[in-house]
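Following: one structure in structure tokens, then a few remarks.
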Amino acid sequence: MSPILASGELILVFRWLHEKLVSTGLSPLWVELITYTVLAVGMFALLAVIALFLVWWERKISAHIQQRFGPMRVGWHGWYQTIMDAIKLLQKEDVRVDTRDRGVFFWAPVICFVAAFAAYVVIPFGDGLIVADLNIGILYVMAVTTFTIISLLMAGWGSNNKYALLGGMRSAAQVVSYEVPMILSILTVVLFAGSLSMGQIVASQQGHGIFNWFIFRVPFGPLAFITYLITATAESNRTPFDIPEAEQELVAGYNVEYSGMKFAMFFLAEFVNMFTVSAIATTLFLGGWNGPFMPSWIWFLLKTLGVVFILMIFRWTFPRLRVDQLMEFAWKFLVPLTFANLILAAWMKYAKWYW
Amino acid sequence: MEPVAVAEPTVGIAFWILAAIILMSAFMVVSLRNIFHCALFLILCLFAVAGIFVLLNAEFLAAVQVLIYVGAVSILIIFAVMLTSDLASKKILQTNENALVAFFVCLVFAMGALVLVVNTSIWPYATQMLPEDNVAAIGKLMMTDFMLPFEVVSILMLAALIGAIMLAREERA
């Protein structure tokens, strides 16, 4: 179970940087500012690369599902197509409608972007590769991701466009509704791990090979995983739950008036969000970075990309739900189901019917 | 890995920045004429309060503050603003000719409350260190010492929930 590479290289680099800075005799305030800035920029670069890769991957998967090739021209199988697209978006004119609400229009993509990245403070990428193992861990993720809803509402309002406004409102209604079953499915795991901290949750899945992963703790584990996956799809506004940007009804939803870099920020944030929900699924249900023979961070990435792959298959093979069907599914099916599952899990924990 | 200890000056600076944000945004909430902007500044104000909680080592409270006030209450307010027709473009005056009088009345009450709290509290207020895992400590307290208030609040919430459903339900002939 022990990884081959020495654990916590990433953190070691920053410890080293921190000690170097302390030895230069800078004031502690500056030492902290510099260390945390370097850490934040490093995380940002890593996630930007992951997001660019996911955009390319999604295009390839969707193409192959539809018996096409997808991007093929720029590099081997179009591997740097999205990098080129990003450069193109950077150069584009920033079109702004005259009737926009200036401040709101400007801040919406910024808040969306920051909210998407903020969750990575507590995501354990590997053994020791965690920025801060807060003891509120998973609750922190749920809290910061609520800012995504605010940003979508702001984008809808700020654009001063009825399609954008409708898209923003649909999105908020959907995310608020699906947050309830999502938190309830997460709670079943928290109940058994006995902690909200991501590090503790991963640690409680160690041993017994894969049988200590929460997904294999029948019956509540697989059920919680499936409900989590459904709600995660809805939280990241992807088909079959993509009514916020239903092209045929709303043009493009909340981001219809955005162009250039501002659009790119929404777009990248969407893919970062998808990676976030997959990373949480990995941490909570699939044993996190636990795995034999290979370094822990490779296991983490493999599992997370596996979940991302499932989400992508969902998107390109299911039809879209109608608004009323969507709400009914959340409130009349998922909420009672996850509540029953939580009660079952609590009872099993009390009766000690688990390993 | 132990967290890199946050030095005292950082806490001080963070406190003053947060305090400034809270006061500014709170003022914006009661003075701006576009009600949607008011709602957004309310979110900023509540978020900054969560920042103060973090400085006080009350991480759980901070997360709950963001989750409930930013994630639920504010969104409810924004929904109400968006769904009310003709509110979008309207400029609403938040004050009338009694504003100055109201300001002084509020000032008197606020100062009175502040003086009362400062004089009746025993300083320094926190006499012992926080428990290591304060989430677990809060959970234990809720299930032991504060069992009755916890249950009462739960029943109150349930009643409110049922009431909301009854009000929103379509009448059947």
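Naming convention: chains lettered A, B, ... in sequence-line order (proteins, then strands); numbering from 1 in each chain.
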Query - A/Trp107 and B/Leu40: CA distance, side-chain angles, deciding distance, side-chain contact (heavy atoms from CB on, under 4.5 Å) verdict - result: CA-CA 11 Å; A/Trp107 283 103; B/Leu40 291 181; over 6 Å; no

Query raised in the report: Can you pull out the residues in residues 59-76 of chain B with any heavy atom less than 4.5 Å from chain A?
Result: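 B/Glu59, B/Phe60, B/Ala63, B/Val64, B/Val66, B/Leu67, B/Val70, B/Gly71, B/Ile75 fall under the 4.5 Å cut-off.
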
Requested in this report: Sequence neighbours left out, what passes ring-ring contact (aromatic ring centres under 6.0 Å, His included) with A/Phe333? Give chain and number order.
Outcome: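 Counting only residues at least two positions away or on another chain, A/Phe333 forms a ring-ring contact (aromatic ring centres under 6.0 Å, His included) with A/Phe329.
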
Report task. Please say whether more than 12 non-hydrogen atoms of neighbouring residues, nucleotides or ligands are located less than 6.0 Å from CZ in B/Phe47. Result ->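 No, not enclosed.
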
Report task. Indicate the atoms forming the closest heavy-atom contact of A/Ala173 with B/Phe79, along with that distance. Result ->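 Taking every non-hydrogen atom into account, N-CZ, 3.7 Å.
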
**Report entry** Parallel, tilted or perpendicular: ring planes of A/Trp157 versus B/Phe36, cut at 30 and 60 degrees
**Finding:**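 Because their plane-to-plane angle is under 30°, the rings of A/Trp157 and B/Phe36 count as parallel.
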
Query raised in the report: With a 4.5 angstrom heavy-atom cut-off, which part of A/Leu153 approaches chain B: side chain, backbone, both or neither?
Result: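 A/Leu153 touches chain B through backbone and side-chain heavy atoms alike.
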
